[in-house]
Amino acid sequence: MATDLTEALEALERDGRALIAEAESVDALEAARVRLLGRKDGRLTAVLRHLGELPVEERPAIGASANQVKAVLQAALEARAVELEATRPKVETGPDLTLPGRESWQGARHPVTLVIDEICAVLSGLGFTRVRGPEAESEWHNFSALNTPLDHPAADMHDTFYLSPGILLRSHTSPVQVRTMQAHQPPIRVVAPGMVYRRDPFDASHAPAFEQLEGLAVDEGINFVDLKATLAEFARRIFGPRVEVRFRPSFFPFTEPSAEVDVSCLICGGGGCSACKGTGWIEIMGAGMVDPAVFEAVGYDPERYTGFAFGMGPARIAMLRYGIPDIRLLYEADIRFLGQFS
Ligand code: 2NL
């Protein structure tokens with residue numbers, strides 16, 4: 001009986017050492033410990049259950065052997081644990097590479113800025129230089145120099161934001177061209193984009209502050225054919241080579257003759273739809289030959305020089321191009337909207 005138990009203890013030590021040496025992970029090592037030394041179902045416990053069956057005088061020797069085997073196996077477990085810790089791949093203690101990455105932010109330019117830059121690039125190719133000027137203007141630069149008397153409805157206090165007597169927020173970018181003509185002699189070809197201010201309701205198609213973009217060409221011998229050819233070429237470069245352009249007579253105080261410029265509807269191609277209100281045409285700008293009174297005001301000789309000018313709303317063109325249904329979307333700084341233009 002004692003011999004059986006001694007053999008069982010020897011077998012336990014041998015098997016235990018092998019099991020511990022084979023453990024390739026902390027979990028496998030713990031499983032080995034439970035199998036060998038676990039209090040309830042471990043192999044050492046199983047051997048010790050038979051201890052009571054021995055004669056009393058034989059028990060101390062087998063008990064001592066059992067304690068020795070237990071100590072040996074515990075030491076082997078600890079040694080193997082140290083080995084496993086030393087060979088554990090370092091990445092387990094570094095950052096968790098399985099976590100999803102942090103999303104990066106992608107900035108986007110405002111759709112109206114995109115259209116302004118595109119228009120200026122096309123006009124640059126046609127010889128126009130980008131210029132800017134103040135948003136707080138004198139009544140003279142905004143109205144008087146542009147052949148617009150102060151009793152004209154556009155100059156009314158109720159249609160224009162006055163900052164102080166004689167000073168206002170510009171209602172168009174024309175004063176920028178007036179300043180250019182005061183500072184430079186012809187030939188001149190400039191494009192002036194920028195914010196303008198009018199007392200308008202803020203609804204789906206109007207805003208009290210919006211981007212405008214005007215162009216001006218002045219030289220000896222410029223005529224209406226130059227205006228038509230330049231603006232038709234401009235429209236083809238912006239809207240595509242097959243777009244049709246039409247000029248309708250119109251009126252502006254600062255041009256004579258004047259025209260509204262339409263392009264064939266980009267949505268239906270000219271057949272008529274809701275975007276063009278069934279007409280097949282979409283208005284994109286106003287234009288005309290510079291009125292000689294404007295040249296007089298800036299000190300140019302109106303007998304020597306002629307020129308053409310045009311003006312448009314880039315927001316309207318951005319809305320057409322991107323199918324934006326409400327102008328207020330352009331003002332809300334909602335990144336769900338703006339992010340679509342990156
Ligand atoms: C429109 C029409 C236009 C001009 C702007 C201009 C400027 C000078 C002299 C003469 Cl300095 N004209 N600008 C001319 C015709 C039309 O704008 O519908 N704008 C949104």
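Atoms within each ligand, like the ligands themselves, are counted from 1 in listed order.
Counting only residues at least two apart or on different chains, the salt bridge (Lys or Arg N to Asp or Glu O under 4.0 Å) pairs with a member in residues 62-84 are Glu24-Arg80, Arg80-Glu83.
Using a 4.0 Å heavy-atom criterion, the residues that approach ligand 1 are Leu146, Ser174, Gln177, Met181, Gln212, Glu214, Phe252, Phe254, Thr255, Gly286, Ala287, Ala309, Phe310, Gly311, Met312.
In this view, Gln182 and His141 satisfy the side chain to side chain donor-acceptor pair (under 3.5 Å) rule, not counting sequence neighbours.
Using bins of under 30°, 30° to 60° and over 60° for the plane-to-plane angle, the ring pair Phe310/Phe128 lands in the perpendicular bin.
Checked by atom type and distance alone, the side chain of Arg246 never pairs as donor or acceptor with a backbone atom of Trp281 at under 3.5 Å. Looking at Thr45, its side chain never comes within 3.5 Å of a backbone N or O of Asp41 through a donor-acceptor pair.
Clustering of Ile, Leu, Val, Met, Phe, Trp and Tyr side chains at separations under 4.5 Å places Val131 together with Trp140, Leu146, Val176, Val178, Met181, Ile188, Val190, Leu216, Val218, Phe252, Phe254, Val290, Val294, Phe295, Val298, Tyr300, Tyr305.
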